[in-house]
Amino acid sequence: MKFKAICENHLFSKAYAKGKRFVTPSLAVYLLPDYAAERLQKENPMKIKVNRIGLTVSKKIGGAVVRNRTKRIIREAYRRVVRENAVKVGFLIVIAARDRATRKKSDDLVPELKLAFEKLGLVTPCTK
RNA sequence: UUACCGGGUGGCGCGAUCGCGCGGUAUGGCGCCGAAAGGUAUUACCGUGAGGAAAGUCCGGGCUUCAUAGGGGAGGAUAACGGAUAACGUCCGCCGGGGGCGACCCCAGGGAAAGUGCAACAGAGAUAUACCGCCGCCGAAAGGCGGUAAGGGUGGAAAGGCGAGGUAAGAGCUCACCGGAAUCCGCGGUAACGCGGGUUCCCUGUAAACCCUAUCCGAAGCAACGCCUUCGGGAGAGCGGAGCGAUCCGCUACGGUUCCCGCCGGAAUCCCGAUGGCGGCAGAAGGCGUACGCCUUCAAGCCGUUUGGCAACAAACGGCGCAGAUAGAUGACCGCGGUGCCGAAAGGCACACAGAACCCGGCUUAUAAACCCGGUAACGUU
RNA sequence: GGCCCGUUGGUCAAGAGGUUAAGACACCGCCCUUUCACGGCAGUAACGGGAGUUCGAUUCUCCCACGGGUCA
């Protein structure tokens, strides 16, 4: 499952400032409607709307190895949530790792991420 | 056996399922771009996919840009000698010094006898000195003048140590021995240097203080650079326009062995002159760090054998030929096995340090468990 | 990714090879005041870590750790 990544700093700032937030023990999820979704849809060869994802792992959490691994685990959890649920599209999603996430397995993060998406209205709770 | 010294290997393995980056092959009906050819998303399969330190950025190169090759200054680096190397501050060998019973380890290891500076406190005195003491003279005495570095005490350091001669008392003042420095000769060594002998001298420490000597270094770095956009682009010629006019403005074309102007260039972070090149521009300002190039499979490459060399290393032959991302690709989970710890067992827990970003050679730092090789000392046994 | 700086009491900071390491704010105690503030007096408290050079390092050199700046 492909997804587009956020790399511009101003989008992160915007998500932190204006986005809806939900925090689980090992993650913090920020959600903002993507104003550029329409434009990106035209640029996309498949002409479908996508969510743009930004992953944040602070240097405080660890070195490069730890941070890379944490990002992989979060990415894996996101993939599984998307595969198993109907997730709405057209949003900017910023997922920040908290220090507890480094010691988690991806199985542990799937329910957390799903819960966060449900609370933020990305996923309807009935679809299991 | 115990304690230690030096060097090296190695960086958990195998197999399922679901996923990721790159390359290739096929697919590309539906989707997207295109008039079409075609391209592309997609999907499937195959191949491939982090390190010994990828790290710190401490040195040295390659490569790229600065027009070309230079000179000088400033600045920086290094420092016994010989070699290795593309080069090095690295490596090897060796010399000297220091440490250890020893295997062995450590040393920014030139010059303080070219000059300048500094040496707090203590001490009489720190590169020159007379506080106590000793000796001589003057004096009734107190004390004064002079000589003296043997003795006292201070200090990291007090004029090399010790003995004898010498003297009023003393002093390398003289002599013997010892120690050190410079230099000459002989022998050994490629050399540093060592050994023996002669001559002269004995002068504090500090150069990771300034400095002197020798050698080396142009600067900046893939966020470089290429790239993209805008501005600028003389005179003279033609056309048009404005103005009474000098003249100005706009457009067009030509030209580089004319003139003129200019750029490189106030040469590149300081200075200097030289050669020359280039252009109708050069250049300036910006753009976004984006798209693409650089960018990554032919390399100072890795492995093995042989030869040369004490060694670092070199040569020849054979084989292999190997990541290329751009918020940055290797993860999740399961099974079997390995090693260690805990436990009576079942079993449980742990398996380090750590992530390429143009590429190499080193250094330094971080590293769990395990294994191998060589050696030393002590004790024991034969 | 490259290139440069910095680290001194709780905070901001000077110093520069040498006695006991300035100063300001803060803190604590005493005095003043009916009390607080202001003022006065006195006090506590520091050279990021490890090696080296030196008689002696906070200062000089090297290696780490941490914190910043800057470049397309």
Side-chain angles (χ1 to χ4, degrees):
Chain A
M1 177 58 64
K2 298 237 168 218
F3 54 84
K4 191 163 176 65
I6 302 175
C7 57
E8 294 91 345
N9 191 40
H10 70 272
L11 290 176
F12 278 95
S13 315
K14 208 178 277 182
Y16 291 139
K18 301 184 181 171
K20 285 193 285 182
R21 186 178 62 179
F22 187 80
V23 180
T24 68
S26 52
L27 296 174
V29 180
Y30 298 82
L31 183 76
L32 188 72
D34 192 354
Y35 302 118
E38 300 281 333
R39 184 170 54 75
L40 288 169
Q41 186 181 8
K42 283 182 194 159
E43 290 174 2
N44 190 313
M46 296 288 281
K47 297 289 182 197
I48 53 172
K49 275 192 181 180
V50 291
N51 285 326
R52 290 199 283 171
I53 309 293
L55 296 178
T56 304
V57 185
S58 154
K59 230 179 203 176
K60 250 186 264 176
I61 285 178
V65 173
V66 172
R67 284 183 284 137
N68 277 342
R69 189 186 123 79
T70 308
K71 279 192 274 187
R72 283 184 206 122
I73 289 169
I74 294 171
R75 224 177 276 140
E76 173 71 16
Y78 174 77
R79 270 192 220 106
R80 282 168 63 173
V81 168
V82 166
R83 193 159 16 141
E84 292 164 10
N85 302 277
V87 176
K88 294 182 184 172
V89 295
F91 290 95
L92 287 173
I93 305 170
V94 173
I95 304 173
R98 311 176 74 194
D99 57 356
R100 210 174 291 180
T102 59
R103 291 184 296 278
K104 289 291 173 93
K105 294 182 171 182
S106 73
D107 280 354
D108 303 326
L109 291 186
V110 169
E112 279 192 28
L113 195 62
K114 192 174 170 187
L115 176 69
F117 280 9
E118 281 173 8
K119 292 285 181 186
L120 291 168
L122 267 177
V123 176
T124 46
C126 57
T127 61
K128 284 266 171 158

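Numbered from 1 within each chain, the chains take letters A, B, ... in sequence-line order.
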When syn is taken as a glycosidic angle within 90 degrees of 0, is [N] syn or anti?
{"N": "B:U296", "value": "syn"}
{"N": "B:G153", "value": "anti"}
{"N": "B:G52", "value": "syn"}

| field | Short side-chain N/O contact from A:Arg72 to OP1 or OP2 of B:U330, under 4.0 Å | value |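 Looking at the OP1 and OP2 atoms of B:U330, one of them is under 4.0 Å from a side-chain N or O of A:Arg72.
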| request: Give a yes/no on whether any side-chain N or O of A:Arg67 is located under 4.0 angstrom from OP1 or OP2 of B:A354. | output: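 For B:A354, OP1/OP2 do not have a side-chain N/O of A:Arg67 under 4.0 Å.
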Does the structure show a Watson-Crick or G-U wobble partner for [N], both distances under 3.5 Å? Name it, or say none.
{"N": "B:C211", "answer": "B:G111"}
{"N": "B:U17", "answer": "B:A332"}
{"N": "B:C137", "answer": "B:G144"}
{"N": "B:C4", "answer": "B:G375"}
{"N": "B:A44", "answer": "B:U25"}
{"N": "B:U154", "answer": "none"}
{"N": "B:C320", "answer": "B:G301"}
{"N": "B:C278", "answer": "B:G262"}

Looking only at atom [atom1], what distance separates [N] and [M], rounded to whole Å?
{"N": "B:U330", "M": "B:U48", "atom1": "C1'", "answer": "12 Å"}
{"N": "B:U2", "M": "B:U307", "atom1": "P", "answer": "42 Å"}
{"N": "B:A208", "M": "B:G76", "atom1": "C1'", "answer": "15 Å"}
{"N": "B:A323", "M": "B:C20", "atom1": "C1'", "answer": "14 Å"}
{"N": "B:G287", "M": "B:A223", "atom1": "C1'", "answer": "15 Å"}
{"N": "B:A191", "M": "B:A176", "atom1": "P", "answer": "36 Å"}
{"N": "B:G286", "M": "B:G293", "atom1": "C1'", "answer": "22 Å"}
{"N": "B:U213", "M": "B:A284", "atom1": "C1'", "answer": "50 Å"}

| message | Quick check: on RNA chain B, is the nucleotide nearest A:Thr56 upstream (toward 5') of the one nearest A:Val66, or the reverse? Name the residue that is more 5'. | response |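 Its nearest nucleotide being more 5', the pick is A:Thr56.
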What are the two closest non-hydrogen atoms of [X] and [Y], and how far apart are they?
{"X": "A:Thr24", "Y": "A:Glu112", "value": "OG1-OE1, 2.7 Å"}
{"X": "A:Ala97", "Y": "A:Val57", "value": "CB-CG2, 4.0 Å"}
{"X": "A:Val81", "Y": "A:Lys114", "value": "CG2-N, 4.3 Å"}

| said: Can you tell me which nucleotide in B:A354, B:G19, B:A50 comes closest to the side chain of A:Asn68? | reply: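 Out of B:A354, B:G19, B:A50, the nucleotide with an atom closest to A:Asn68's side chain is B:A50.
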| message | Please give the stem ranges for RNA chain C, sorted by first residue number, where a stem is three or more consecutive Watson-Crick or G-U pairs and both donor-acceptor distances are under 3.5 Å. | response |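 So the stems come out as C:1-7 with C:65-71, C:10-12 with C:23-25, C:29-31 with C:39-41, C:48-52 with C:60-64.
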| request: Begin from the C-alpha positions of A:Ile95 and A:Leu113 and carry the test side-chain contact (heavy atoms from CB on, under 4.5 Å) through to its verdict. | output: CA-CA 9 Å; A:Ile95 304 173; A:Leu113 195 62; 3.9 Å; yes
| task | Flag the pair A:Val29 / A:Phe117 as yes when at least one side-chain heavy-atom distance between them is below 4.5 Å, and no otherwise. | result |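 Yes, side chains in contact.
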